[in-house]
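Input: a single structure, listed below in structure tokens.
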Amino acid sequence: MKYSIVAYYTSSDPTVITEPDEVDTFIGDLLEAGYDHSIAKLHIRERPPSAAGFPDHMLRVAVNADDKVGGLAYIGPNAGGFSKGQLSRYDEVVYYYAGHDHEFPRDSEIPLTLVSEAVKEFLVSGGERPTCVQWQDHPA
């Protein structure tokens with residue numbers, strides 16, 4: 001089955017990604033959106049919704065244009081967590097979505113090439129947690 005990503009990050013109108021080669025353009029657009037829109041929330045359109053009518057999974061993709069790194073947060077029916085990567089030079093790692101800050105673990109930063117690879121895997125797997133990155137539990 002072919003899947004499509006619905007990505008929200010700058011407005012109520014989502015970006016739809018249907019091919020892996022569109023992911024790098026999406027990451028570039030997210031980088032250009034600025035710090036106030038440094039997180040995109042992604043889900044797969046073709047997956048059935050939860051009993052409450054919402055997606056049963058979500059991949060949050062965060063980018064830091066200045067340092068050329070990003071982070072991932074995944075929530076799904078069988079897995080969750082943040083990307084596990086290098087230690088940030090900042091004491092707090094904060095990204096923004098729709099005017100709200102979202103804190104990530106200090107060691108969640110990964111190279112943008114790996115962020116892109118993970119989004120491509122998310123697309124072709126139909127919304128499963130990407131296996132190309134290491135994961136850590138959500139902080140308590």
Side-chain angles (χ1 to χ4, degrees):
M1 174 179 220
K2 188 172 178 171
Y3 299 103
S4 53
I5 290 175
V6 179
Y8 292 91
Y9 59 102
T10 58
S11 71
S12 59
D13 295 327
T15 296
V16 177
I17 302 166
T18 58
E19 298 293 333
D21 63 357
E22 297 171 348
V23 170
D24 292 329
T25 300
F26 159 71
I27 297 294
D29 291 347
L30 185 57
L31 287 164
E32 289 180 14
Y35 188 64
D36 289 340
H37 303 284
S38 54
I39 291 180
K41 293 186 177 184
L42 284 58
H43 72 269
I44 298 294
R45 180 179 7 209
E46 292 77 15
R47 279 179 64 152
S50 68
F54 298 103
D56 70 343
H57 66 291
M58 179 177 46
L59 180 67
R60 287 188 293 159
V61 177
V63 296
N64 175 332
D66 292 338
D67 293 341
K68 309 288 189 267
V69 295
L72 302 169
Y74 181 82
I75 299 171
N78 300 315
F82 286 92
S83 52
K84 175 86 170 147
Q86 63 193 24
L87 193 62
S88 175
R89 66 185 175 114
Y90 303 104
D91 290 335
E92 294 181 342
V93 178
V94 179
Y95 300 98
Y96 286 88
Y97 176 81
H100 300 284
D101 61 333
H102 294 266
E103 192 169 336
F104 277 55
R106 191 164 177 225
D107 60 349
S108 64
E109 293 183 336
I110 59 176
L112 291 175
T113 54
L114 191 52
V115 170
S116 179
E117 184 180 340
V119 174
K120 291 173 186 176
E121 185 179 336
F122 180 77
L123 172 63
V124 299
S125 73
E128 297 300 316
R129 185 173 80 172
T131 59
C132 64
V133 298
Q134 292 183 331
W135 294 92
Q136 60 184 309
D137 290 336
H138 288 274

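The first residue of the sequence shown is numbered 1, and numbering continues consecutively from there. No hydrogens, no waters, no symmetry mates; every other heavy atom, side chains included, goes into these values.
- Contact check for E109 versus F104: no side-chain heavy atoms found under the 4.5 Å cut-off.
- The shortest non-hydrogen separation linking D137 to F82 is O-CD1, 4.3 Å.
- A 4.5 Å side-chain heavy-atom check between W135 and P130 finds at least one atom pair inside the cut-off.
- Closest approach of V124 to P20, counting heavy atoms only: CG1-CG, 3.9 Å.
- In this structure a side-chain-to-backbone donor-acceptor pair under 3.5 Å is missing from S38 to A62.
- In summary, the side chains of E121 and T131 do present a donor paired with an acceptor at a separation below 3.5 Å, with no hydrogens or angles considered.
- Within a 6.0 Å sphere centred on CD of Q136, other residues, nucleotides and ligands contribute more than 12 heavy atoms.
- Side-chain atoms of E22 and L123, non-hydrogen and from C-beta on, never get closer than 4.5 Å to each other.
- A distance-only check finds no donor-acceptor pair linking the side chain of S88 to the backbone of R106 [under 3.5 Å].
- Side-chain atoms of Y9 do not come within 3.5 Å of backbone N or O of L42 as any donor-acceptor pair.
- With a 4.5 Å cut-off on side-chain heavy atoms, L59 and I5 do not count as touching.
- Ring geometry, F122 versus H57: the interplanar angle falls from 30° to 60°, so the pair is classed tilted.
- A donor-acceptor distance shorter than 3.5 angstrom exists from the side chain of R129 to the backbone of G80, with no hydrogens or angles considered.
- Side-chain contact between R47 and P77 is present, with at least one heavy-atom pair separated by less than 4.5 Å.
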